[in-house]
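Here's the structure, in structure tokens; my notes come after.
Below, chains carry the letters A, B, ... as their sequence lines are ordered, and counting in each starts from 1.
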Number of protein chains: 2
Amino acid sequence: MQRSVKMKDVARAAGVSVMTVSRAFRKDASVRPETRDAILKVAEDLGYVFDSTAANLRSQKTDFVAVTIPSINNANFAETVAGLSEVLSNEGLQVLLAYTNYDIAQEERAIEQLLRRRPEAIVVTGGKHTPRARRLLEGAGIPVVEAWDLPADPIGHVVGFSNAATMEAMVDHLVAQGYTRIAFIGGDADADTRGADRRRGFIAAMAAHGLTCDRLIEAGPPPISMREGAEAMGRLLDMHPDTQAVVCVSDLSAFGALTECQRRGLGVPRDIAVAGFGAYEIANVCVPTLTTVDPFPRSIGEEVANLILHALDHPGERLIRKLSPRLVIAASTQVRSD
Amino acid sequence: MQRSVKMKDVARAAGVSVMTVSRAFRKDASVRPETRDAILKVAEDLGYVFDSTAANLRSQKTDFVAVTIPSINNANFAETVAGLSEVLSNEGLQVLLAYTNYDIAQEERAIEQLLRRRPEAIVVTGGKHTPRARRLLEGAGIPVVEAWDLPADPIGHVVGFSNAATMEAMVDHLVAQGYTRIAFIGGDADADTRGADRRRGFIAAMAAHGLTCDRLIEAGPPPISMREGAEAMGRLLDMHPDTQAVVCVSDLSAFGALTECQRRGLGVPRDIAVAGFGAYEIANVCVPTLTTVDPFPRSIGEEVANLILHALDHPGERLIRKLSPRLVIAASTQVRSD
DNA sequence: TTGAAAGCGCTAACAC
DNA sequence: GTGTTAGCGCTTTCAA
């Protein structure tokens, strides 16, 4: 089969002008239906594949939406991207994805590369960026969406929630269950900004209840794995054996912590309560089920997509969509009453 | 900041021709170092962002590598994409990702859309495609890689392994442990071809040992979740309470099955052995740790990337890279000897 | 509904 | 090391 069959070749074979072939490939253009069918058949027979690169240049439209996420290997961000892709692909838009590895310097590089592709809009995870990244986004001339966070000084649109505030509800719940010696397991404070916000929220919520906050365990650089969660739990139990409850920065580390309790013969929640964040599937399947926070990651993606579609039609508007994660109370933090 | 600052504007501001600006943006081009630095500074000050769409058209190079995966929300495929992206991005190549939802009709549409973007190479997961998808790939005139499988009739290059063969080692191990009444939990036979291959391999391996294969549990359309694994395990235990071991199509369903045993008060491996596939992190963290098969998903991605880099320099060669997954024996299938 | 001419913003090719 | 000319494969624009 031929490489580089062009519109011109299809046009010649179909006995029409290139412009008519061009129209035949656009669903909204006016071409006689029989002409279109004939052209598409000829194109298929010749093995013609439409060349977007040329169309993009001439029409100054790429139908790309650029997205940065910290890591592809994270069920929450993957869900967001899945929701985003699904909505956008129905509108003929394609996601162009880049990873930042939880590093704003890498984010800056990713943003620069992505903007060169001339996307219609760009979505970044989180609200902390290098000054240059911020400048690039501000000057891009396209809708910018910051997701998964509520930046104090947004660049453009926002679809997110307060990571810190989710910890209030969590600590309130634990205190209501009678726990007072509560620990937090999380990553390095500065790298994963959403995790750091949760830690900050945890500390604030403990203070609001007049509780001391002397059990903050560092589990290393993000993302915190199950194994790191288990190791951190081991250190916590060694240092503070009288801990009554532990909040983990994610369900993955929480599950790791849970297994460490299993290995040590500690009952959850009988001897110690464990909670996570993210409403990963495992939280709902493991034994006991894990108390967690559901940030509705797929909805975030869908909301971002809908916001972009709206913003492309209504330039100038700035939309802030504040979402409300839900505390999901499960067996791992509930005092049994039997 | 200005939208649509072009090379021409940078050239004028820097007092050089556009061609010199063009050269300044290519690391290999010959420009006087001082000239380049001056140009890049002027460009940054003007807020110029290089336009790939124009460069791509003129140079007939996009630096895209197209990739289809069944689902983004799968740690194994995510690892493959991560390995692929990392190696390719070092060479200035960017991954353009599309999802198929384990559906070859959707794969065909994804391939068509991806080829319109004129990628330098295309990677598809698996070796089963619609006739038209196959024709598109064959006629694309770029390196084609089928990954995660060993197709009987490859389109181009291959980086994969025999999913069926992995089950031989698994069944051999279980039989060596003394198990004979062994079940398989998997998805619908036709959708997830890799899962179907594992089931086929399981059946063949059982036959090779002279064992009957009357415990094949259908857990629904792929991907099989933890929850579906748990439900399938429930059905298995209800129908065949004397089952001694169960092989699950993935670690996620295996973990679900494990939790179902926990809920029913069955000891693993004391009362029943459980094994999975994929070497997901959970297999190495849960209690007991799960016997599984490690297909080295990140290596698959890295191998694919290296193969593509080689193929771009050596057209005409056809490379078949056959990988060997490793059986990882863990606590969940080992008869305790204490 | 269809066609002809012009050009999107870069870079290949060649000249100096 | 730098500049000039032409053109990548489409779509915009205008005309019929």
Using a cut-off of 4.0 Å on non-hydrogen atoms, how would the nucleic acid contact of A/V16 be classed: base, sugar-phosphate, or nothing? sugar-phosphate

Could you give the CZ-to-C1' distance, from B/R118 to D/dG9, as a whole number of Å? 9 Å

A/F25 and A/Y48 aromatic centres sub-6.0 Å: yes

Indicate, with a heavy-atom threshold strictly under 4.0 Å, whether B/S30 touches base, sugar-phosphate, or nothing. base

Given atom CE of A/M7 and atom P of D/dT12, what is their separation to the nearest angstrom? 11 Å

Given C/dA12, is OP1 or OP2 found less than 4.0 Å from the side-chain N or O atoms of B/R26? yes

Side-chain-base donor-acceptor pair under 3.5 Å for B/R32 and D/dG1: no

Side-chain H-bond candidate by donor/acceptor type, A/R117 with B/Q94, under 3.5 Å: yes

Taking any heavy-atom pair under 4.0 Å as a contact, classify B/T35: base, sugar-phosphate, or nothing. sugar-phosphate

Hey, does the side chain of A/E107 reach the backbone of A/T100 with a donor-acceptor pair shorter than 3.5 angstrom? no

Separation of A/K8 atom NZ from C/dG3 atom P, in whole Å? 16 Å

Presence of B/S17 side-chain N/O under 4.0 Å of D/dG3 phosphate oxygens OP1/OP2: yes

Could you tell me the separation between the CE atom of B/M19 and the C1' atom of C/dC10, rounded to a whole number of Å? 9 Å

Value in whole Å for how far the P atom of D/dG9 lies from CG of A/L57: 12 Å

Using a heavy-atom cut-off of under 4.0 Å over every strand shown, decide if A/Y48 touches base, sugar-phosphate, or nothing. sugar-phosphate

In whole angstrom, give the distance that lies between atom CG of A/N56 and atom P of D/dT12. 11 Å

Considering only heavy atoms and no angle criterion, is a donor-acceptor pair shorter than 3.5 Å present between the side chain of B/R23 and the base of D/dG3? yes

Euclidean distance, atom CZ of residue B/R58 to atom C1' of C/dC10 [Å, nearest integer]: 9 Å

Between B/T20 and B/A54, the residue closer to the 5' end of DNA chain D by nearest nucleotide is B/T20

Under 3.5 Å, is there a donor on one side chain and an acceptor on the other for B/T53 and B/D51? yes

More than 12 heavy atoms of other groups within 6.0 Å of B/R132 CZ: yes

Between D/dT11 atom P and A/Q60 atom CD, what is the distance in whole Å? 13 Å

